[in-house]
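Written below as structure tokens is the structure these notes are about.
Note that the structure is predicted; figures quoted are calculated from it, not measured. All ligand and atom numbering here is 1-based and tracks the order in the structure.
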Amino acid sequence: MRLLIVEDEKRLAVSLARGLTAEGYAVDVVHDGIEGLHRASEGVYDLVILDIMLPGMNGYRVCAALRAAGHDVPILMLTAKDGEYDEAEGLDTGADDYLTKPFSYVVLVARVKALLRRRGPAGGASPVHTVGDLKVDTAARRVFLAKDEITLTTKEFSVLEQLVMRAGEVVSKSDILEHVWDFAYEGDPNIVEVYISTLRRKLGSALIKTVRGAGYRLETRP
Ligand code: CA
């Protein structure tokens with residue numbers, strides 16, 4: 001899962017990014033509204049955390065512009081207490097949720113997870129995906145194969161998550177790269193292959209099929 005933080009208070013932005021990275025998300029940070037709109041329009045983000053008072057373009061305008069362009073990425077607005085804008089206005093412009101500063105980090109993470117779940121397939125009712133013997137709990141970030149829990153690194157989990165959310169479909173290498181690595185990553189795109197082979201080693205080689213020239217598919221009937 002890849003998140004975009006648009007926040008001009010650099011210390012806040014950096015600490016949010018650090019915390020969310022530790023939760024296993026790929027996180028990009030930008031500090032002004034115009035750059036935020038530009039990045040969010042690329043369509044690679046699973047969620048945008050958007051401050052309201054921003055240089056360049058305020059958060060409401062960024063949000064409204066994204067919705068007007070047809071982007072349905074979940075948006076969590078950060079509002080300032082007693083500011084000149086109110087929460088109702090934030091929701092009117094198409095934000096999915098809002099959080100009033102100062103907020104607790106734990107609450108922020110809970111809101112982020114709830115929004116990502118809501119967006120998941122089939123209405124996102126359950127964060128647990130079961131495919132044959134494989135069970136992936138995207139909320140608890142735990143993986144089971146039959147009755148055994150499998151230990152995965154954060155990145156391994158994130159790659160598996162992309163496949164399991166679209167089980168039975170082909171997921172391209174660039175889709176995986178975009179959703180699991182942040183834009184600071186400038187390494188070899190073949191890194192995805194490295195993670196796929198590790199996942200095969202841990203979960204069994206039949207589970208993830210390579211579709212030549214297209215990507216990878218998590219087999220629903222291995
Ligand atoms: Ca601000």
Flag for Thr151-Arg142: side-chain donor and acceptor within less than 3.5 Å: no
Single-linkage hydrophobic cluster Leu199~Val170, side-chain heavy atoms < 4.5 angstrom: no
Side-chain donor or acceptor of Asp96 paired with backbone N/O of Ile75 under 3.5 Å: yes
Expected output: side-chain Ser205 to main-chain Arg201 donor-acceptor under 3.5 Å: no
Set of ring pair (Phe, Tyr, Trp, His ring centres under 6.0 Å) partners for Phe157, sequence neighbours left out: none
Between CG on residue Leu16 and OH on residue Tyr105, distance to nearest 0.5 Å: 7.5 Å
Protein-derived N, O or S atoms lying under 3.0 Å from the Ca ion (ligand 1), waters excluded: 3
